[in-house]
Number of protein chains: 2
Amino acid sequence: MHVSSKCDMRGLLSFQVLWLLSKRPMHGDEIAGEIGRRRGEKPKAGTIYPALKELKENRLIKGNRKGKTITYSLTADGRSELRKGIMYLCRSFGDIFSERYSAPKRRLR
Amino acid sequence: MHVSSKCDMRGLLSFQVLWLLSKRPMHGDEIAGEIGRRRGEKPKAGTIYPALKELKENRLIKGNRKGKTITYSLTADGRSELRKGIMYLCRSFGDIFSERYSAPKRRLR
DNA sequence: GTTCCAATATAGGACGACCTATATATTTAA
DNA sequence: TTAAATATATAGGTCGTCCTATATTGGAAC
């Protein structure tokens, strides 16, 4: 297990890749690093590259090779899917975030 | 596919169950209904009951049978795992939410 | 008591998200 | 030129999240 041994938190990897690429074009290892900074654990090569391959085959991202690095960016389809994903995420988990960030009730100590 | 044909948004079901049960005790079908209201699609019986079984076996929730319905609530371990999950979610996806909810840049139309 | 429905249960299958391990290519350093 | 480091690729495996389909069980209605 990678985050918690009891409640699995896997999921949304491809979505997160789309989100990151909407900020700026990146290559694979760079994307993995950004995910690692957020999640606490950097996904391994065997995780990130198959995900990028799938996204590329689905034409949500496109790659531009220069030497040994491939810089990825979103396609129009990718931006569209990202928008849908964001709406889904906000509908599904928005209350968790708003509860945490607005009017925080701190425990006295 | 259940949400988008291209970018899979599955995941975090057990986590979402913990979150909902932290609000109030509920039985299985009720939990599925709440998830459905958020996600747009109510998970089927074959999805929700195995998830509840697993959570119970891991002692994150406990069930109280009354007739044909089982009302679930969090255990202390469940509350602890929920807290960890929330932190993970905020670290991983917090920027998506804050960008959406704070200072929205609307497109002119 | 039987019929019906609601709630739960479980088998079986597909697939994305994770891993380890191994391989290959390009670039850089020695 | 050779070695080491970096970036990518892929095989093979586990597991949670999804489904459909098929039970079972308890309560209510007749």
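The figures that follow rest on heavy atoms only: side chains count, while hydrogens, waters and symmetry mates do not. Chain A is the first sequence line, chain B the second, and so forth, proteins listed ahead of strands; every chain is numbered from 1. Keep in mind that this is a model prediction, so the values were computed, not measured.
- Residue contacts shown for Ile70(A) are limited to sugar-phosphate atoms, with no base heavy atom under 4.0 Å away.
- Between the CD atom of Glu30(B) and the P atom of dA6(C) there is a distance of 15 Å, given to the nearest Å.
- In terms of position on DNA chain C, the residue among Gly28(B) and Phe15(A) whose nearest nucleotide sits closer to the 5' end is Gly28(B).
- For the residue pair Arg39(A)/Gln16(A), the side-chain donor-acceptor check at 3.5 Å is satisfied.
- Dashed line: the shortest gap from a side-chain N or O of Lys53(B) to OP1 or OP2 of dT10(C) is under 4.0 Å.
- The CD-P distance, from Glu81(B) to dG16(D), rounds to 13 Å in whole Å.
- Computed from coordinates, the Leu55(A) CG to dA17(C) P distance equals 8 Å when rounded to whole Å.
- The existence of a salt bridge linking Asp29(B) and Lys42(B) is confirmed by a sub-4.0 Å separation between a basic side-chain nitrogen and an acidic carboxylate oxygen.
- Computed from coordinates, the Lys66(A) NZ to dT26(C) P distance equals 16 Å when rounded to whole Å.
- The shortest distance between the side-chain N/O atoms of Thr47(B) and the OP1/OP2 oxygens of dC19(D) is below 4.0 Å.
- Between Arg10(B) and the phosphate of dA14(C), there is no side-chain N or O to OP1/OP2 separation shorter than 4.0 Å.
- In terms of phosphate contacts, Thr69(A) brings no side-chain nitrogen or oxygen within less than 4.0 Å of OP1 or OP2 of dT8(D).
- As a whole-Å value, the separation of Asn64(B) CG from dG26(D) P is 16 Å.
- Summarising the geometry, the separation between NZ on Lys42(A) and C1' on dT6(D) is reported as 10 Å, rounded to the nearest angstrom.
- Residue Gly11(A) is in sugar-phosphate contact alone, with no base atom involved, counting any heavy-atom pair closer than 4.0 Å across all strands shown.
- For the pair Lys44(B) NZ and dG13(C) C1', the computed distance is 16 Å after rounding to whole Å.
- The shortest distance between the side-chain N/O atoms of Tyr49(A) and the OP1/OP2 oxygens of dT8(D) is below 4.0 Å.
- The shortest distance between the side-chain N/O atoms of Ser14(A) and the OP1/OP2 oxygens of dG16(C) is not below 4.0 Å.
- Aromatic ring orientation, Phe93(A) versus Phe15(B): tilted (interplanar angle from 30° to 60°).
- With rounding to the nearest 0.5 Å, the separation of CE in Met26(B) from OH in Tyr72(B) is 13.0 Å.
- Comparing Thr71(B) and Ala45(A) by the nucleotide of DNA chain C whose heavy atom lies nearest to each, the residue mapping closer to the 5' end is Thr71(B).
- Rounded to a whole Å, the CG atom of Asp8(B) is 9 Å from the C1' atom of dT17(D).
- In summary, of the residues considered (Leu55(B), Leu60(B), Leu12(B), Leu82(B)), a side-chain contact (heavy atoms from CB on, under 4.5 Å) with Val17(B) occurs for Leu55(B) alone.
- With dT8(C), dG16(D), dA7(D) as the candidates, the nucleotide lying closest to the side chain of Asp29(A) is dA7(D).
- Residues Pro43(B) and Glu54(B) each lie close to DNA chain D; by heavy-atom proximity, the contact nearer the 5' end of the strand is made by Glu54(B).
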